[in-house]
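For the numbers below, each heavy atom of this structure counts, side chains included, while hydrogens, waters and symmetry mates do not.
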Amino acid sequence: MSLLPHPATGQPFASPVPPGTGWPGDPAAPDTPVATTAAAVRRLAHDAGLHTLEAGVSVCRACPRLVRWREDVAHAKRASFAGEPYWGRPIPGFGAEHPAILVVGLAPAANGANRTGRIFTGDRSGDWLFASLHRVGLANQATSVHAADGLELPETRLVAAVRCAPPLNKPTPQERDTCAPWLDREVALVADTVRVVVALGSFGWDAALRTYRRAGYGVPVPKPRFGHGAEAFLAAPGGAAGDGVTLLGCYHPSQQNTFTGRLTETMLDEVLGRAAALARMPR
């Protein structure tokens, strides 16, 4: 098995990276329990603490098609990254442990997070997202290159509805549903502090609505429609008047959207700036 040096630390790794071997930010150990079925995902996610959840996510093997794809990409590699090891595993959430803002995306990119091991890191979508987060005061730096670059998100946490890179960026409904308990548990763990949820794209919007509905939040009827700048208030279960989260819609910072001008830097800043303002308002 060939080993290649990590671009930041120089430590050699196999592709995919075995858990507990020293990759920056790896939450798992060699003996972290591995989910291989949907039932095992539900069992391991149930009542897990945040660090245990991150570790379990990062070694999950419950969706055979996604496991094959993410590992095939890690072996084949894009030519421009042929000299680097690829993470090649599922991507846990990243950012604040007690966030005021939760950003929900679709899934990792095959040569982005699937390579670097950190959500939205190492691809053009992440370049746009983190630059905007920095401009509106939600990130300590404007770039996210690899998992050892010092990036911090003091008020924000990033998660994906599906934790493995899917072929053509299109997970199946079964894969989405198999992965859902990881997101359900993560939302439950940060529920006490999250005030704003930013959904990137319609997939993230629908995933957020499903997740909060399962958590007992009040989702308006008819279901709020996704759109850039769309807002919906999801009332907390049994909470006082005004207690809950505000869901904001944002076009996904995909190359298709940014190259065509469907999403501009100003548009992205407006949504993330709105999230920051809402999160900092007095309760």
Side-chain angles (χ1 to χ4, degrees), residues 3-29 50-51 53-55 57-59 70 73-74 77-160 163-165 186 190 198 200 252-255 258 265 268-269 272 275-276:
L3 303 181
L4 294 170
H6 187 277
T9 70
Q11 181 179 345
F13 291 98
S15 301
V17 176
T21 53
W23 186 273
D26 186 355
L50 188 59
H51 296 296
L53 185 82
E54 291 173 339
V57 166
S58 76
V59 297
R70 77 189 193 213
V73 171
K77 301 182 176 62
R78 177 174 285 174
S80 53
F81 303 119
E84 298 181 17
Y86 268 55
W87 171 257
R89 287 163 45 198
I91 308 299
F94 171 76
E97 294 187 6
H98 304 285
I101 300 167
L102 187 69
V103 179
V104 181
L106 193 168
N111 295 284
N114 189 57
R115 171 176 59 89
T116 64
R118 190 171 70 195
I119 188 169
F120 277 110
T121 296
D123 61 25
R124 287 294 296 164
S125 294
D127 292 345
W128 272 67
L129 178 62
F130 289 109
S132 182
L133 287 169
H134 184 255
R135 287 193 296 268
V136 303
L138 293 174
N140 70 322
Q141 60 190 44
T143 58
S144 181
V145 180
H146 49 66
D149 60 10
L151 177 68
E152 296 178 3
L153 305 175
E155 302 172 73
T156 306
R157 187 168 185 83
L158 310 180
V159 296
R163 306 304 175 102
C164 294
E186 196 152 358
V190 299
V198 178
L200 300 178
H252 195 286
S254 64
Q255 289 193 23
T258 58
E265 290 183 352
L268 186 54
D269 290 356
L272 294 177

Option among Leu102, Ile101, Leu272, Val198 that satisfies the side-chain contact (heavy atoms from CB on, under 4.5 Å) test with Thr156
Ile101

If I take atom OG1 from residue Thr116 and atom CG from residue Asp149, how far apart are they, to the nearest 0.5 angstrom?
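Going from OG1 on Thr116 over to CG on Asp149, the span is 9.0 Å.
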
For the residue pair [X] and [Y], what are the closest heavy atoms and their distance?
| X | Y | answer |
| --- | --- | --- |
| Ala96 | Pro99 | O-CD, 3.5 Å |
| Ser254 | Ser125 | CA-OG, 3.5 Å |
| Gly105 | Leu200 | CA-CB, 4.4 Å |
| Asp26 | Pro18 | OD2-O, 4.0 Å |
| Ala28 | Ser58 | CB-OG, 3.4 Å |
| Asn114 | Ala165 | CB-CB, 4.2 Å |

Just list the side-chain donor-acceptor pairs under 3.5 Å for residues 77-86, sequence neighbours left out, or say none.
unit_1 : atom_1 : unit_2 : atom_2 : d
Lys77  : NZ     : Ser15  : OG     : 3.4
Lys77  : NZ     : Ala74  : O      : 2.9
Glu84  : OE1    : Arg115 : NH1    : 3.0
Tyr86  : OH     : Arg78  : N      : 3.1
Tyr86  : OH     : Asn111 : OD1    : 2.6

Run the side chain to side chain contact (heavy atoms under 4.5 Å, CB included) test on Asp127 and Thr143 for me, step by step, so that the C-alpha distance in whole Å, both residues' side-chain angles and the decisive distance to 0.1 Å come before the verdict.
CA-CA 6 Å; Asp127 292 345; Thr143 58; over 6 Å; no

Does one side chain, of Ser144 or Arg118, offer a donor that lies under 3.5 Å from an acceptor on the other?
yes

[X] side chain vs [Y] backbone, donor-acceptor pair below 3.5 Å:
| X | Y | answer |
| --- | --- | --- |
| Asn140 | Gly150 | yes |
| Arg89 | Pro16 | no |
| Ser132 | Leu129 | no |

Within a strict 4.5 Å, meaning less than it, do heavy atoms of the Phe94 and Thr121 side chains meet?
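They are not in side-chain contact.
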
May I ask you to decide if the ring planes of Trp23 and Phe13 are parallel, tilted or perpendicular, using 30° and 60° as cut-offs?
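Because their plane-to-plane angle is over 60°, the rings of Trp23 and Phe13 count as perpendicular.
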
Parallel, tilted or perpendicular: which one describes the rings of His6 and His146, with boundaries at 30° and 60°?
perpendicular

Residue from Glu152, Glu54, Glu97 passing salt bridge (Lys or Arg N to Asp or Glu O under 4.0 Å) with Arg157:
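The single option meeting the salt bridge (Lys or Arg N to Asp or Glu O under 4.0 Å) with Arg157 is Glu54.
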
Residues Ile91, Phe120; criterion side chain to side chain contact (heavy atoms under 4.5 Å, CB included); working and verdict:
CA-CA 10 Å; Ile91 308 299; Phe120 277 110; over 6 Å; no

